[in-house]
Each structure stands twice: as structure tokens, then as C-alpha cells.
Amino acid sequence: MGSSSLIVLALAAIVFSAGAMIVSRIFVKRTTNPQKGEPYECGIPTEGSPWKQFSVGYYLFALIFLIFDVELIFLYPWAVVVKRVGWTSLIEIIIFFFILFMGFLYAHKKGALKWM
Amino acid sequence: MIEELMTTEQGDLVINVGPQHPSTHGVLHLVITLNGETIKKVEPHLGYIHRSIEKMCESLSFRQFIYVTSRMDYLSSHINNHGCALCVEKGLQIEVPPRGQVIRVLMDELTRIASHVLWWGALAMDVGAITPFFYAFREREAINDIMEETCGARLTMNYMVPGGVMFDLHPNFQKKVHEFIQLFKSKVDEYDELLTNNVIFKARTRGIGMLSYEDAISYGCSGPTARASGVHCDIRKLYPYEVYSGLQFEEIIESGCDSYARYVVRMKEMRQSLSIVEQLIDNIPEGDFQAKTKAVLKLPKGEFYSRVETARGEFGVYIVSEGGMTPYRIKFRSPGFSNLSALDHMARGQKIGDLVAIMGSLDLVIPDIDR
Amino acid sequence: MSNEELKSVLSGFNPGLTFEESGEWLVANVEPGEFLSLAKQIRNNESLSFDYLFCLTCIDWKTHLTMVYHLTSTSFRHHLVIKSKLDSSRPEIETVSNIWKTADFHEREVAELFGVNFLNHPDLRKLILPDEWSGFPLRKNYEDPVNMIKL
Amino acid sequence: MWNLAGISESIQNGLNRALSPAWALTVEMIIVGISVIGLFAVLGLILVIMERKVSAYMQVRLGPNRVGPKGMLQSLADTVKLLVKEGLTPDKADKFLFNLAPFIAMIASMLLLVPIGFAKNFQIWDLNIGVLYLAAISSVSVISILMAGWSSNNKYSLLGAMRSGAQIVSYELSAGFSILAIVILSGSLRISDIVMAQENGWWIFKGHIPVLIAFVIFLVAVTAETNRAPFDLAEAESELTAGFHTEYSGMKFALFFLAEYVNVFIVCGIGATLFLGGWMPLHIGTWKAFNHIMDYIPSSIWFFGKTFFLIFVIMWFRWTFPRLRIDQLLNLEWKYLLPISMVNILLITLVAIMQWHF
């Protein structure tokens, strides 16, 4: 099929989702009611907006992830050639992991991995 | 730097948990202040099912008001009734015949098992394991069937009357209870396998919701909640009523002070209750199940206080009588109300997921709190 | 500690106390103004150590209100009931929520159902009733034609 | 009948004979689109009924048993119910993102179907970086969850989305390392090469203990990545009512639901391909006769059998374990799984270089 299959599948997803929504829109009887538009908070009117400064704890993990994910991408081409390159590749990867692990330990020491 | 960022106040969220929330087991409404996932404050708002039972009882006779109390702590309705019946008996100085006493205690302990079993399932569901809930209900059904045969009802039994119990036992009672004892003995072990020794469950409950010995006393906690903090508070042992003084059972006391300790206390209590049932089931004395009482009860002028150990803790009934046909004032001291007051203290600094586990380990029944 | 001993110790704290012994437990009547100091003393005295407040309630006697505190000691297992008469038009008493933490919720309940004002209570908002509720449902003269059903 | 490759080939030949090459390709694309949609819908229906039956079995009850034979049409009835439900949008929500989120979830999970080998020579696109492609596209689904949670203007949703953001990205690392282990052993990123490398035995048998470790880590990581219990913190119903999709209803909710189940299928399919040989029948080294007998079972049955076995395992997790807490979840990843996988990679490198695998 080749790369065009990506477009085909993305289109199929859109067609499927949009189709389902359109079909449901045809069947559904819509009613309006001011309380329907309120956010669900266990039946109590919500206090303040959730769209404000949020605890940083969650984002720290995303930042550390970024480092590791980039590193993981470097590893893919390496992984393909391990068998051909042989021992050199093992030494290389040990050095690579060592450097990475230092960074990891630094983050750990800084308390970035401790959930607050 | 990171710690500074994490403790800033600007990111605080105020969230309503309840009254319509899957894990408040009813209509408890908690307003919690969160920083990220960490709880800064928990404020209970009560009253969603407050029916003012205390006021209602003021216009009901001394026979009638007992039945209203079944609707308070509906999971140990029989024990609630027991407390009220004891209080009226104390006022009238009625001696319950031995058979009546044994039947009452038998039913109490079966109710306690049923309540703890349900609590076990509900706690498991609160920490995210859904399957135990179904297993719990399977065993609870067996108890409910036994109750149904004798009392005619499954949840609000209304089996107590001042002076004894309402009817005699059903002929099948002993046989069925024997069957249940055999069944339950193997099932309790199954519960342990399913949850008690689960690594995730232990991680979720150990060291969570600490309630120290002093705090447990100061917050007026009772029942398994207090006993998990090492407080000696089982009414059945301290101030024995009915035939409890002649029975062999242990008061379970743990020193863990955390959710896991509360869990362990209840698990062990189930076994103790089962042993009480075992001791009594073959030794039900013959004779009357109910003392002779007048048709219309009139308590003498004065104040009477009785207390019993429900599945959740100490249940107190305080009757102020003016000598009439109805109580002048009734106060029910419900265990859940005091236990709930400790929730804020226990939950501070924990995660939102822990709050749910702590509430589960407190075994809150909302009508018991709201009354 | 027996009732006699309790009486003598308590009289030492406050000579104005009157006692009743007709019921199950010793009852001490105290003036609302002197209640707080008595509460502190019986909580902290080492031979009394009433550390467990297991019931706190109020009774409406139409002419006046009576606060009732049921106390026990977890170390000595003796009981004491403290009663305090309050004026029904302006019921006021010091809070004990800083002595027994359980009193926090119980006092809030009494405050909204009986209208007792607990002085120095940290947070005396409505706990059970809706915020806009007026009247005190457990008072004997309370009438609510909508929500109350007469039997 | 079970030879999917034969069917696709005959269709292609037929089209090429009847139409010009351009038209043949267009018709082929339409057929692919329709069949993928069909697969999606059928998978959704089957997995939902499977989940309900498995949970019922574990919870000593019957499960759905009224609609159709043994309740097998229950999920169809549910779909119809969801179809006629009104899809609400909260007043204060970011309406554009709110409605876009389910589309993203659907597109992400549908694109993941591209490199999966359903049967011998039956793949939508056997691209040469298949494994890398899977790792890349599977991260897109977290965007849809964050989008849904944030745009709902609901605190539960926001918390759920934030949790799943931290959770999914974290577990992606372990999943990536586990995939890498197989890449090292197979020496290729192409899915068909990886399957062919297991011709004389599946990696889980050939690769000794390091591959077993990688397999277990992979299972844990994908359970977390697909937001399933015991890692379903994004929608922890006892804490956050329904987490990131609290405000979704009707068809929008159904699309999230569907995408979640198809994601489960896909990650299990990947697991089956990498560790259990994909469509490759059970071959044992040089046992010619045994291998030959195994070849009689069609390759598509092998693939779906293995995949559904893994799905069953993941469902088994869900109905047995309590849920973890967010800090425990992240601890598990960063303090245990990640270091273990890194060391494991070194071990596997050693195994590959020394040719210790069979």
C-alpha cells in the first residue's frame, strides 16, 4: 500500500467518527436546559475555574521524559546494527547509559522524581 | 526551587467530592482543597439525608421509636435496635429472659459479620479492586437469607422489642447458621488471599491515614477505628450487656494506627464474631424469648443512657423521660459522626486517592452520621 | 474512682457544683461561666483525666436549655456527666473543641439544631442544615408546617 | 478461507485487470478504508462483550445474557443506545478542543493499525521502520486525553488528564526499551522481519530470561499506557468519577471508549508480534514434522489467538488488582521498571553479541 495508507486510515478515522456523530445527531432529540451546560462536580456548582496555575508536579515528569525519549530514539538505529558491530556497540552503549544515568541520578537527587 | 514551586498556594483547587460521587457511599459531601494531588483540607458538609430522627422519636411511643433507628445505621440496624431496647429496658427495669438474650446476641453478631463483609467489599472497590465487592455480597446474601427467615426482613430487621425479641427463631435457623459457619470459614481465608496480602493493597493502606492513640481518644473515635489505634474501647468487653460477659472472644487491638490496621481489626473481628456465633448456636436456652411487658410502656421520669457496640463503634442512646408515653428527648450518639470528625486530620497531606481509602477504612454509613 | 471520691475532687475545683446521683452516673451541675475552667481541670488532672467525651448534647426544657456532656476516662474508666443550664433566649457557653476535638462537630450540630452559641468555636458554620435555614429544629417550640409531619 | 493474503491478492489482481492502475489503487484504498472501519467496529463490539464476560466470570456472575444468544449482542445494543444519546458540551468548555479530542483519539488508534501483520503477507503497509512508527504514533493518544481533560472545564477531568499525561509518557519509556530488546535480537525495525526472525521459535522462548523480563515489563507498561486498571488513574472512578471523560456523553464518549479498546487490541497485537511470533505458528527449532503440522493452522488464527490471549491477561489484571496511587505508579516506573529495563538492554546486547539465543 505504501505511505498513502496513512492518509487513507486517517481519513477513515475521520469519516467513521464524523459519521457516527452525524448519525447520532439525526436521532437525538435535543433539549436545552441551563443546568445541562454546567460542569459535573457531584451536583454542586463548581467553585472557581480549573483553568489556572496548576501543581508543577505533573510537568516535571514530562520534562524528564523528554530527555529519555530523545535518548530512546538514538537507540533505535543502534539496536538495528548491534549484531553487525559486535563488541564495540556494547561498550558504546555502556558509555551512553552511564552519561544518561548520571543525569537521571541528578534529577533524582534534586527531588524531581519525588511526588509532592 | 522545586519544593517552592510545589507548595505555592496559587495552584490550589477546591473540589467537591459528593454528594453524588461513587466512593462516598451515600450522600456525604466533602469539599477538599487540593494542591496537585495533595490534600490540604477536607471539610465535610452533612445533612443530605438528615431526617431529624431525634425529633421524630419525640412523638413516637417507646415501642415505636425503636423501629425508626433501623434507618440510621442500616448496616447494623439490629444492633441499633438493641441499644434502644436496652435503654427502654433499663428505664423499666425489665429482665430479658435468657433465650431472648442469646437470640439478640446471635443476631447482633450475624449483623456485624454482614456489615463487615459489605465494608470489605466496599473498601476494595474504593481502592480500585472491583471483584471483591461481588464476593462480599455472595456471603452477605447467606446472612440476609437467615435473617429473612426469622425476622421477615433482610436489611431493617425490626426484630427487637422491649423485653426480648419479636418472634421465636425459625425452625431452620440453627441448621442454616451451621451451614453458614462452614461456608464463611473458608471464605474469610479467601478474602485474605484476595486482598489482605496483595502488594498494591498494602502499599495503598500502610502508613496512610494515621490516627494516633491520643487523637483517636480526643476525636471520640470508637469501634474498629479506635481499636486500630490501640484504644481499648469495645463496649462488649468494657461494659458487657446481655450474655457477652459469659462468652469467649477477644477484643482486637492493633497498634498500626493506619488504614491497614483498621482493615486488619475488622478482618479479625469477623472471625471473632463467627466464634461467638459458634459458641451460642448450640446453646440457645429454652424458655421465653420475650419478657412480659405492659401494652403501653411508660418510662419513669429520669435520664437513661445505654450503649452497645455496633459494627462501626459505640452507639449510645440517651433518653430523657418525663414519665409520659413518649420520650421527652432522645439523643443518639452515633459512632460514624465522631469517626468522621477525624477525617480531616487523617487526610491532610495525603493524596486524593488516599482520601478514598481512608474513608473506606472508616466505614462511614451516611444515615448514621446524618440521623 | 468512686462517685464519692469524684465529688470531693470536683468540689475542690469548684465549690459551687451541685451533684445528682439518682441516675447511672454522677451528674455535676455547673454554671455556664465556670464550665470552661472545670472542663480544662478535669481533662488535665492526672487522677481524673476525663479524656473521652463520648456524648455531647442539649435538652430543651422550654424554660431553659441544658447542655449535657458525657465524659469518661480511658485510663480509669470512671464516668461523669456535666450539665449546664443555659438561658433559652440567649444560650451561650464556651466551646470545648480545643479540649476534646470531637466536640467540634458535636457543638456545630447542637448550635444549629438548638441555637446554642459556642463562644470561641473555630468554625461555627452550619454543618447539617442548609446555610439559609432559620430556626432551630430540635427546640420544642419549633414549627415547620412544610417539612414536619404530625403523627 | 482463512488465507487472508490470498484474498487480498486476488482482489488486487482482479482490480488491476478490470481498471486502470490509478483507479485500481483508488478502489483499493476505499476497500482498505472500509475494511479498517469494519475491523474497528467489530473489534469494539467483541472486546466490550469480552470484557463483560471475563469480568462476569471472575466475579461469579453471569454477565449480559438477554440480548441475543448468551447476551452476545449486548454491546451492539449499547452502541445503539449511545448513538441515540445526546452528546453534551459544557457551556464553559473550550468547544473546539472538546469536540476535536475524540477525533484525535480515533485517528491515533487507527493509524496504529498500519504496520501490524494480521496474517502472513497481510499487512496494510510493511514499512521499514515499523516498530519506530508504532512507538511514535502511540504517543499521540496522550494528546487527545490531555485535550479532553483540559477543554472540559471540569476539575476532575483536568486532574485525570494531568495524571495520564505524567503516566503515559513515563511508561512509554519502559515500553520503548522492551521493544528495543526485540529490535536488538532481530536486527530490524521492519515488522515482517521481526516475525520472520521467529521462524524457528518465538523470542519469548529463544531469548532466555532477559526477554522474559522485557515481556513482563512490556505487559505492565502497555497496561499503564492504555489506562487500564490497575493503572487506570486517568479515569479512576472511585476518586475522579470518570476522570478525563467525565463531561463526555453520547457518541463522543463512545469514540473514546472505542479508541481505548482498540488501543488495547493494538498493544496486545504488538506484544504478540514482538514476543510471541505474531502470525508465525508455534515452531520448535528443527522439528520439521511438528512445524509442518503447526503450519496447517492458518496464520491469521495464530495472530488473533495470541492477541486475544494477551487481551485476556490484561483483562485479568483489571479485575484482580486494586489501583495504584499516582506517586506509587510513577515510582514503579522511574525507580524500578526504567533502571531494570536499562540493565536488561545491556544483557540483551550481550546475548545478541554472543549469539546465546537459539
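Here is the naming used below: chain letters follow the sequence lines, and residue numbers restart at 1 for every chain. Bear in mind the structure is a predicted one, so any value in this text is a computation, not a measurement.
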*Relative to chain A, which segment of D/A93 carries a heavy atom at a distance below 4.5 Å: side chain, backbone, both, or neither?*
backbone
*Given a strict heavy-atom distance threshold of 4.5 Å, which part of D/Y171 is in contact with chain A: side chain, backbone, both, or neither?*
neither
_Min side-chain heavy-atom separation A/S89-D/I353 under 4.5 Å_ = yes
*Given the options D/T246, D/L346, D/V36, D/L82, which has more heavy-atom pairs under 4.5 Å with chain A than any of the others?*
D/L346
*At their closest point, which heavy atom of D/M342 faces which heavy atom of A/F101, and how far apart are they?*
CE-CD1, 3.7 Å
*Roughly how far, to the nearest 0.5 Å, is the NZ atom of D/K252 from the OG atom of A/S24?*
8.5 Å
_Atom group of D/S151 that falls short of 4.5 Å from chain A, counting heavy atoms_ = backbone
*asked:* Can you tell me how far apart CG (A/L6) and CE (D/M110) are? Round to the nearest 0.5 Å.
replied: 13.5 Å
*Looking at D/L180, D/L189, D/L338, which has the largest count of heavy-atom pairs under 4.5 Å with chain A?*
D/L180
*So do A/R25 and D/M251 actually touch side chain to side chain, heavy atoms under 4.5 Å?*
no
*Report the option among D/T349, D/V169, D/V84 that has the most heavy-atom pairs separated by less than 4.5 Å from atoms of chain A.*
D/V169
*Which value, rounded to the nearest 0.5 Å, describes the distance between D/L132 atom CG and A/L75 atom CG?*
11.5 Å
*Is it the side chain or the backbone of A/L100 that comes within 4.5 Å of chain D heavy atoms, both, or neither?*
side chain
_Contact leader toward chain D among A/I73, A/I7, A/V82, where contacts are heavy-atom pairs under 4.5 Å_ = A/V82
*For A/F96, look at atom CZ and say whether over 12 heavy atoms of other residues, nucleotides or ligands are found less than 6.0 Å away.*
yes
_A/W78, part contacting chain D, at a heavy-atom distance under 4.5 Å_ = side chain
*Identify the two heavy atoms, one from A/A10 and one from D/L111, that lie closest to each other, and give their separation to 0.1 Å.*
N-CD2, 4.0 Å
_Shorter than 4.5 Å, heavy atoms on both sides: which option in D/I129, D/T89, D/V131, D/I345 has the most such pairs with chain A?_
D/I345
_Counting heavy-atom pairs closer than 4.5 Å to chain A, which one of D/I30, D/I107, D/I34 comes out on top?_
D/I107
*Spacing of A/L9 atom CG and D/M29 atom CE [to the nearest 0.5 Å]*: 10.0 Å
*asked:* With a 4.5 angstrom heavy-atom cut-off, is it the side chain or the backbone of D/D94 that approaches chain A, or both, or neither?
replied: both
*asked:* Is the shortest side-chain heavy-atom distance between D/P102 and A/M21 below 4.5 Å?
replied: yes
*Distance (rounded to the nearest 0.5 Å) between A/S17 OG and D/I37 CD1*: 8.5 Å
_Can you give me the closest heavy-atom contact between D/A135 and A/Y76, atom names plus distance?_
CB-OH, 3.7 Å
*For chain A, the option from D/L173, D/V183, D/I137 that forms the most heavy-atom pairs under 4.5 Å*: D/L173
*Taking C-beta and beyond as the side chain, do A/F27 and D/E86 meet within less than 4.5 Å on heavy atoms?*
no
*Are any of the side-chain heavy atoms of A/F16 and D/L258 separated by less than 4.5 Å?*
yes
*asked:* Let me confirm one number: the CG-CG distance from A/L90 to D/L347, rounded to the nearest 0.5 Å.
replied: 9.5 Å
_Largest heavy-atom contact set with chain D, pairs under 4.5 Å, which of A/P77, A/A12, A/G19_ = A/A12
